[in-house]
Number of protein chains: 2
Amino acid sequence: MNPDAIKRSLAGSGLRSTPQRYAVMAFLMKQTSHPTAAEIFEAVNRVDPRSSRATIYNNLRDLVQAGLVREVAMEGRAARFDATGTRHHHFICDRCGKIEDMDWYAVPRPAAASLGKRVLRECELICRGLCTQCASRRAPTQDSGLKERINTWKKK
Amino acid sequence: MNPDAIKRSLAGSGLRSTPQRYAVMAFLMKQTSHPTAAEIFEAVNRVDPRSSRATIYNNLRDLVQAGLVREVAMEGRAARFDATGTRHHHFICDRCGKIEDMDWYAVPRPAAASLGKRVLRECELICRGLCTQCASRRAPTQDSGLKERINTWKKK
DNA sequence: ACAACTATTTAGATCATATCTAATCTGAAA
DNA sequence: TTTCAGATTAGATATGATCTAAATAGTTGT
Ligand SMILES: [Mn+2]
Ligand SMILES: [Mn+2]
Ligand SMILES: [Zn+2]
Ligand SMILES: [Zn+2]
């Protein structure tokens, strides 16, 4: 996306276009990974060191509120973010914890009986297993169960 | 589930059955919500105050490694847990943040092309919208967009 | 171009959650 | 009953996120 389009989308959400805020948005948009606030802080300041830690957090909060960025649902401690460009699902690797985008496809909605009086807005998918890299590094053996997988991952 | 069954499932995972560990497991199994470590600490010690904070965390770690408990994938800061009894999906309320269980149903797996060389183990669903309580408290208006919903929720 | 107004940025303090340490205790096997 | 690896503990420490209040800078109107 070009600079002006980003600036317009900020303005369209009632957010001023500051160099710091622009940098966070632009970085997330060209990212295919799902960086933490700390990673965004580093990357953004490596290019142009004008953002404080608080500003990164402030801007992530504002961009999420504006719907331009989302926090990814997963079980780690540090929040991870992606720009809400195109709709997609996620794949989380059991072994290395990496979060990858998966092509979006409509998922059958829960049965009305199961839904009850809840109002459904969307269904997102979290696929789990081994990422390409981890799958090739060692084929999962029969006794390599959840325990082993979580162990490996937690040990970083 | 009866006490002996819990003890057997702990032993079956190579975990000693201690009063503290048993209490965490038993509490999670009778829970329909998705408590944080702090909530488990409080609840367990209200009944029988023998567990330290570190022990709650230690046991949650051990039970997750054993596959008897899982940490729920969601975007909050404090980890939330449930016993992995019956397979199910989750519904997260946009307004109050509550996580509810949804009946399990098989989800169509991603297309082979999209999956690539990844090894798929499972697909879990995160449904979003308004829980029964929030849906009835105020019907969503047309201009009540993501921004408003997140705002309301973040304000606790 | 300039002033005025308010959103934004900032360093550092503080909070919330999770993990580590190393001393002590205990479940369960023999 | 003895034994000892596994489990518990209080408190210290680490990590990630938010708050504070003073300084700065986009944007709008002139
Ligand atoms: Mn993504
Ligand atoms: Mn659940
Ligand atoms: Zn991997
Ligand atoms: Zn709700």
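Naming convention: chains lettered A, B, ... in sequence-line order (proteins, then strands); numbering from 1 in each chain.
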Task: All side chain to side chain donor-acceptor pair (under 3.5 Å) counterparts of A:Gln31, not counting sequence neighbours - done: A:Ser33
Task: B:Trp104 and B:His89, any side-chain heavy atoms less than 4.5 Å apart - done: yes
TODO: Let me know the distance between CD of A:Glu42 and P of D:dG16, rounded to the nearest Å.
DONE: 12 Å
Task: Length of the CD1-P vector between B:Ile56 and D:dG11, whole Å - done: 17 Å
Task: Residue pairs involving residues 8-18 of chain A (criterion salt bridge (charged side-chain N to carboxylate O under 4.0 Å, His left out); sequence neighbours excluded) - done: none
Task: the helix from C:dA1-D:dT30 to C:dA30-D:dT1: angle between end helix axes, five pairs per end, rounded to 10 degrees - done: 40°
TODO: Only pairs at least two apart or in different chains count here, so list each salt bridge (charged side-chain N to carboxylate O under 4.0 Å, His left out) that has a residue in residues 26-42 of chain B.
DONE: B:Glu39-B:Arg80, B:Glu42-B:Arg46
Task: Where B:Leu130 and B:Cys93 come nearest, the two heavy atoms and their spacing - done: CA-SG, 3.9 Å
Open item on the list: I'd like to know if A:Arg128 pairs up with A:Glu75 as an ion pair, taking the criterion as any Lys NZ or Arg NE/NH1/NH2 lying under 4.0 Å from an Asp or Glu carboxylate oxygen.
Closed with: yes
Task: Residues within residues 2-12 of chain A bordering DNA chain C, heavy-atom distance below 4.0 Å - done: none
TODO: Report, as a single string ordered 5' to 3', how protein heavy atoms within less than 4.0 Å touch nucleotides 19-30 of chain D: B base, S sugar-phosphate only, - not at all.
DONE: B-----BBS---
Task: Whole-Å distance separating the CE atom of B:Met25 from the P atom of D:dA7 - done: 15 Å
Open item on the list: As an exercise, state the distance from SG of B:Cys96 to CZ of B:Arg137, rounded to the nearest 0.5 Å.
Closed with: 8.0 Å
- [ ] Could you list all the salt bridge (charged side-chain N to carboxylate O under 4.0 Å, His left out) pairs where at least one residue sits in residues 100-116 of chain B, not counting sequence neighbours?
- [x] A:Arg118-B:Glu100, B:Lys98-B:Glu100
Open item on the list: Can you measure B:Asp62 atom CG to C:dT19 atom C1' for me and round it to whole angstrom units?
Closed with: 13 Å
Open item on the list: Counting only side-chain heavy atoms from C-beta out, which of D:dA7, C:dT8, D:dT9 sits nearest to B:Ser51?
Closed with: D:dT9
- [ ] Go through the structure and list residues passing side chain to side chain donor-acceptor pair (under 3.5 Å) with A:Thr55, not counting sequence neighbours.
- [x] A:Ser52
TODO: Would you kindly give the CD-to-P distance between A:Gln65 and D:dT18, to the nearest whole Å?
DONE: 11 Å
TODO: Take the protein atom CG of A:Asn59 and the nucleotide atom C1' of C:dT10, then report the distance between them rounded to whole Å.
DONE: 12 Å
Open item on the list: Going by the rule side chain to side chain donor-acceptor pair (under 3.5 Å), which residues pair with B:Gln20 if we only count those two or more places apart in sequence or in a different chain?
Closed with: none
- [ ] Answer yes or no: is there a side-chain heavy-atom contact under 4.5 Å between B:Leu28 and B:Leu60?
- [x] yes
Task: Interatomic distance where CG belongs to A:Leu63 and P belongs to C:dT8 [whole Å] - done: 10 Å
Task: Where at least one partner belongs to residues 28-52 of chain A, residue pairs that pass ring pair (Phe, Tyr, Trp, His ring centres under 6.0 Å), sequence neighbours excluded - done: A:His34-A:His90
- [ ] Could you grab the distance from atom OG1 of B:Thr18 to atom NZ of B:Lys7, nearest 0.5 Å is fine?
- [x] 11.0 Å
- [ ] Check side chain to side chain donor-acceptor pair (under 3.5 Å) between B:Arg50 and all other residues, then give those that pass, not counting sequence neighbours.
- [x] B:Asp48
- [ ] Rounded off to whole Å, could you give me the CG-to-P distance for the B:Asn45 and D:dT9 pair?
- [x] 8 Å
Return the polar atom pairs (N/O with N/O) between nucleotides 15-18 of chain C and the protein under 3.5 Å, or none.
from   : atom 1 : to      : atom 2 : distance (Å)
C:dA18 : OP1    : B:Ala79 : N      : 2.7
C:dA18 : OP2    : B:Tyr57 : OH     : 2.6

